[in-house]
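Everything numeric in this text was worked out from a predicted model, so none of it was measured. Proteins get letters first, then strands, A, B, ... in listed order; numbering begins at 1 in each.
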Amino acid sequence: MKRRDFMLAAGTAAGALMLPRMSFGAEGVIDVYFTSDQNVIDFWTNVVKPKFEAANAGITLNLVDGGDGPGVAAIGDRAMAALASGSDPQADLFEGFDTRVTVDGIAKGLYVDFETAGLSNYSKVNPLAFDIPTNLPYRGSQVLLAYDTTKLAPADVPKTWADLVAWIKANPGQFIYNRPNKGGSGGNFVRRAIYEANGQDPAKFTVDNYTAEAGETMLNPAWDILMDLAPSLFDGGAYTSGNTQSLQLLGQSAVTMIPAWSDQALSAIDQGVLPETTGLVQLQDLGLPGGFTKLAVLSNGTNKDAALKLADFLLTEEIQSAVLTELGGFPGVSWDYISADLREKFADLIPQTIPNFPGGDWEKAINEGWYRAVAPNVDPAS
Amino acid sequence: MTIADAGQPVLAAPERRRPIGLLLVAVPVLLVIWLIIWPIISAIIQTLWMRLPEGGETFSLETYRFFFSDGYSLSNLSITLWTTGVCAILLLVVCLPIALYLRFSDSKVAAYVQGLAIFPMFVPSIILSFAFIRVLGPNGTVDLLLNAMSLPKIRSPYLTPWGPVIGLVWDNIPLTVLILLSGLGNVSNQAIEAARDVGAGRFALLWHIILPRISNSILVAISFAVLGIFSAFTLPYVLGPAAPEMMGPFMQRTFRELYEPRTAITQAVITFGFCIVFGLFYVRSVAKNRTP
């Protein structure tokens, strides 16, 4: 009988494992899917969830790590299928998601249009951060330069792009940035080089002004700048495959300086992944770009109203201040809606403008162009 | 291979039982057709028929023409072939001695060696990748040890084509050792002793007695390793250089970041074309074993 017992137990266990997949989105439990890294999910677990649940009795948050963009995009595709069949998408809110990714998602009304959703705090959102009405920016992050103060004195740190280039060339092998499509720290370093090649003017790039000719004339000079840097980079032109790997190389003291996300660098120092002797600096002529992280709310989710309430809650001063103090990011609302003492405290560290490079066709052109022109590390003419 | 032994079922009345047997295999066969064969056919169709802007469809080899005339795509294909080839050779060089040792050793140490050889099977490749950076990366454990002995640092394979090679070889050791070991099970001790009696040396034993009997297993082991390595993603992506990239990361990037599904599917079909050659090797060797 032992064997039969075992089979029974195994069957029950397998059935139990499958249960959550079969369950429906429960009333009063907001299913939030994340594309962001662990430090952001920790922030939600420790700050957003307890505060929101305390303020809204009967509503709880279910925080799910979607892995990465494609992971949550798959949930979006599932919600799209659920919309067509009128069933439950088992998801309510996506964090760090661009609604354009779901094919036909916006056209078919899968995502809530925040302009007409009636959020009381919507008017506070930083005008620089707006993208399209189905994407709600709620926090920002900027790429900084993280460096090893034991090898480079804070007084000698480059403060302009020209100084940075001079420093990289004077210290070959001490700088590395990651591939622009794999984590934004390298991506925004590349975008800073693109600004440099175009007169340091972020206004030249908008979400809808990409054409093949514009891409050629505006991006090719930037590839020349980056090609010129390549021999002086770590290993004569190597590129890490993600934000974390760059941090690891800085932590192993293999390089002296890397571009890094402000929030990720701060939590890495906090957790001891990076030593306390790590310094952070921003270029003063034009900062390395950053970006705003957006939310999407599904229009067919079981808890759509509660999810909108949560979205509104995220824009309150309480959470927006916590984004600054707890997460090390930037607020998604205008600085006027942050308490005066915090505004003063961070005034030196954070410039008033965050260059925000548009996504869409530009992003595609940059990813493709960099891989073809810069990454092979050989002169295409030779 | 053991699969071959199951090929002759002891059936009393084959005529009567045959429909049941066919029914039993129907489910897996249908699944294979539905989940593997059909997607392949639909992928090939998708890359060959191009939708015209004014509606309607036309036959076109354009994406293939682009792939084979594009230096960047071709260098990605050639690095994939290079990595696969080097990995296959290294795997044989590393695994054959281990398998021979495990087959012919009676010592207790052999059990530990076997445990150690199987161990990589239980390590997820993403963990392996980061461990690799810690150990073989710049200023990693190896460098620290060398430094402690006042020796110069190694030239780290991290972010060079050798990074994925080392990772993939390590990752594929268990399967290769297991397949070779099962093949060595076919080599009888009597045959070896008989050869020894007539004065065969160690090398002659290996060349004339052992290798001919396990050539099939070697082929199967290499086919399996090649199939896995050719489309590997995590290790080449984390440990390899930005360019040229192996086909796995290249396909993923084309599909997810360049939003060019048709080009990505073309790359997949070309990858599949190379893999099918090794798949056929495997199928042929199994079929050869089954015919009495």
Crowding at [atom1], [X] (>12 non-hydrogen neighbours, <6.0 Å):
X: A/Lys151; atom1: NZ; result: yes
X: A/Gln38; atom1: CD; result: yes
X: B/Phe255; atom1: CZ; result: no
X: B/Phe119; atom1: CZ; result: no
X: B/Trp38; atom1: CH2; result: no

- Item | Working for side chain to side chain contact (heavy atoms under 4.5 Å, CB included), residues B/Leu239 and A/Gln245 | CA-CA 10 Å; B/Leu239 300 177; A/Gln245 289 93 314; over 6 Å; no
- Item | Any B/Leu159 side-chain heavy atom under 4.5 Å of A/Ile176 side chain |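 B/Leu159 vs A/Ile176: side chains touch.
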- Compare all side-chain heavy atoms of B/Pro241 with those of A/Tyr239 and state whether any distance is below 4.5 angstrom.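 No, side chains not in contact.
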Measure [X] against the heavy atoms of chain A and call it side chain, backbone, both or neither at under 4.5 Å.
X: B/Arg253; answer: side chain
X: B/Thr160; answer: side chain
X: B/Pro244; answer: neither
X: B/Asn76; answer: neither

- Item | Per-residue contact mode, A/Gln248 against chain B (heavy atom under 4.5 angstrom) |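 Looking at A/Gln248, just its side chain touches chain B.
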- Item | Side chain / backbone / both / neither for A/Ala73 at chain B, heavy atoms under 4.5 Å |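 Interface part for A/Ala73: side chain.
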- Query: CG/A/Leu249 to CD1/B/Ile133 distance, rounded to the nearest 0.5 angstrom?
  - Reply: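 Going from CG on A/Leu249 over to CD1 on B/Ile133, the span is 7.0 Å.
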- Working for side chain to side chain contact (heavy atoms under 4.5 Å, CB included), residues A/Glu368 and B/Tyr72: CA-CA 11 Å; A/Glu368 179 69 345; B/Tyr72 184 74; 5.7 Å; no
- Yes or no on side chain to side chain contact (heavy atoms under 4.5 Å, CB included) for A/Gln252 and B/Asp143, after CA distance, side-chain angles and deciding distance? CA-CA 11 Å; A/Gln252 282 179 210; B/Asp143 276 349; over 6 Å; no
- Could you walk me through whether B/Tyr158 and A/Asp235 pass the side chain to side chain contact (heavy atoms under 4.5 Å, CB included) test, one step at a time? CA-CA 10 Å; B/Tyr158 176 48; A/Asp235 220 357; over 6 Å; no
- Pick from B/Pro138, B/Gly140, B/Ser129, B/Gly240: which one has the most heavy-atom pairs with chain A under 4.5 Å?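 Highest number of heavy-atom pairs under 4.5 Å: B/Pro138.
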- For the student: nearest non-hydrogen atoms of A/Arg179 and B/Tyr237, plus distance: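 Looking at all heavy atoms of both residues, the closest pair is NH1-O, 3.2 Å.
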